[in-house]
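The structure displayed is predicted, hence computed values, not measured ones.
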There are 2 protein chains.
Amino acid sequence: MAGLSREDLASRAIASEKYVRRMLATHGLRPTRQRIGLIKLLFGSGNRHVTADCLAAEARAVQMPMSLATVYNALNNFANVGLLRRLEIGVGRTVFDTSTSDHSHFFFEDSGEIADIAVDGSRLAQEIVVPEGYKIAKVDIVVRLRKAS
Amino acid sequence: MAGLSREDLASRAIASEKYVRRMLATHGLRPTRQRIGLIKLLFGSGNRHVTADCLAAEARAVQMPMSLATVYNALNNFANVGLLRRLEIGVGRTVFDTSTSDHSHFFFEDSGEIADIAVDGSRLAQEIVVPEGYKIAKVDIVVRLRKAS
DNA sequence: CTGTGTGCAAACTCTTTGCATAAGT
DNA sequence: ACTTATGCAAAGAGTTTGCACACAG
């Protein structure tokens, strides 16, 4: 892959518009003002788990208001090209993870928060007998946590 | 637990209204006509994965039409008392599993179908370091399958 | 009787879409 | 210029809720 990877950017503390633009170009996405702003928010501070709604609120907070539909479009675009990972946590709304590496998640039932776990699904995948004609696309593991009584 | 368990009923090929009524009573639910009908549909034929929508369609098919809202209420009630397991698969709609035992799921991305896998999450759970003050409520593992190319 | 469940429709939340306008190359 | 993205509002899907009526204990 030519250009800068997502990890490179994240580790660089980002912010430089130049890198963001190249990151988008690398994935075949036009560097629009909105996308650039969102990428900065998403990758500017370590791994994150965001919804369209909360990301739009953040954008508003930094004086970069944009349509909620645009945020949805952008997040879907980013996920489709591999910049983000769509999480299937089963809360009502779609959550996007800025870390695309193979890892699992804690889901805190009391607060609704999500956190990464190092445990990956690939090891587990090896012991599974896959049905004829299919291959494993992804293994999602969610550890749901409840307050200890 | 006094009375008949869900497994007992399922293995008995069910249908007897007497058992269904006791099953509901055991879990503190009134045996209304609608609930009885739904239980028969749900547990009358092996393990199943249903949505409110498809279950309502089945009820209609057997001349037991009822409001979709009632089906939603019933499914939620059943899940809350432990008769069903709510699956967090992340497709747009909520899926209920008639098997409440610890097991995982295949999700066929082409057809949207769901199938059980014997692999359980409890073993995996043992190697996870749980955050202070929390305990594991459930471990959901979904193996997403794609047509092999 | 008393309380709970049902049915219906309306409300609600999250997400996508259509179309005119704006912006990127 | 030509193409693709944005913004807005409307449409959509899935689910829940409020209230009058029906039914179970």
[atom2] on [Y] to [atom1] on [X], rounded to 0.5 Å:
| X | Y | atom1 | atom2 | result |
| --- | --- | --- | --- | --- |
| His105(B) | Ser99(B) | NE2 | OG | 7.0 Å |
| Asn47(B) | Thr100(B) | CG | OG1 | 9.0 Å |
| Arg144(B) | Glu88(A) | CZ | CD | 4.0 Å |
| Thr94(B) | Leu75(B) | OG1 | CG | 9.5 Å |
| Leu38(A) | Phe43(A) | CG | CZ | 10.5 Å |
| Ile141(A) | Leu124(A) | CD1 | CG | 5.0 Å |

Test item: side-chain donor near acceptor, Arg86(B) and Asn80(B), under 3.5 Å: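 Their side chains do contain a donor-acceptor pair, which is all the 3.5 Å distance test asks for.
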
His49(A) and Asp116(A) side chains, donor-acceptor separation under 3.5 Å: yes

Of residues 55-67 of chain B, the positions that come close to DNA chain C - non-hydrogen atoms, cut-off under 4.0 Å: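 Here the set is Met66(B), Ser67(B).
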
What's the [atom1]-[atom2] distance between [X] and [N], to the nearest Å?
| X | N | atom1 | atom2 | result |
| --- | --- | --- | --- | --- |
| Leu29(A) | dA5(D) | CG | P | 8 Å |
| Leu75(B) | dG5(C) | CG | C1' | 15 Å |
| Arg35(A) | dT25(C) | CZ | P | 10 Å |
| Arg22(A) | dG24(C) | CZ | C1' | 19 Å |

Candidates Val71(A), Ile39(A), Thr70(A) - the one meeting side-chain contact (heavy atoms from CB on, under 4.5 Å) with Gln34(A): Thr70(A)

4.5 Å side-chain heavy-atom contact, Phe78(A) and Arg35(A):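 Answer yes - side chains close enough.
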
Side chain to side chain, Val143(A) and Leu145(A), heavy atoms closer than 4.5 Å: yes

Phosphate contact ([N] OP1 or OP2) by [X] side-chain N/O below 4.0 Å:
| X | N | result |
| --- | --- | --- |
| Thr32(A) | dT4(D) | no |
| Gln34(B) | dC23(D) | no |
| Thr70(B) | dG7(C) | yes |

dT25(C) base / Arg30(A) side chain donor-acceptor hit below 3.5 Å: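 Check fails, no donor-acceptor contact within cut-off.
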
Rounded (10°) bend between the five-pair end axes of the helix from dC1(C)-dG25(D) to dT25(C)-dA1(D): 30°

Nucleic acid footprint by protein, nucleotides 11-22 of chain D - heavy-atom cut-off 4.0 Å, B for base, S for sugar-phosphate alone: ---SBBB-----

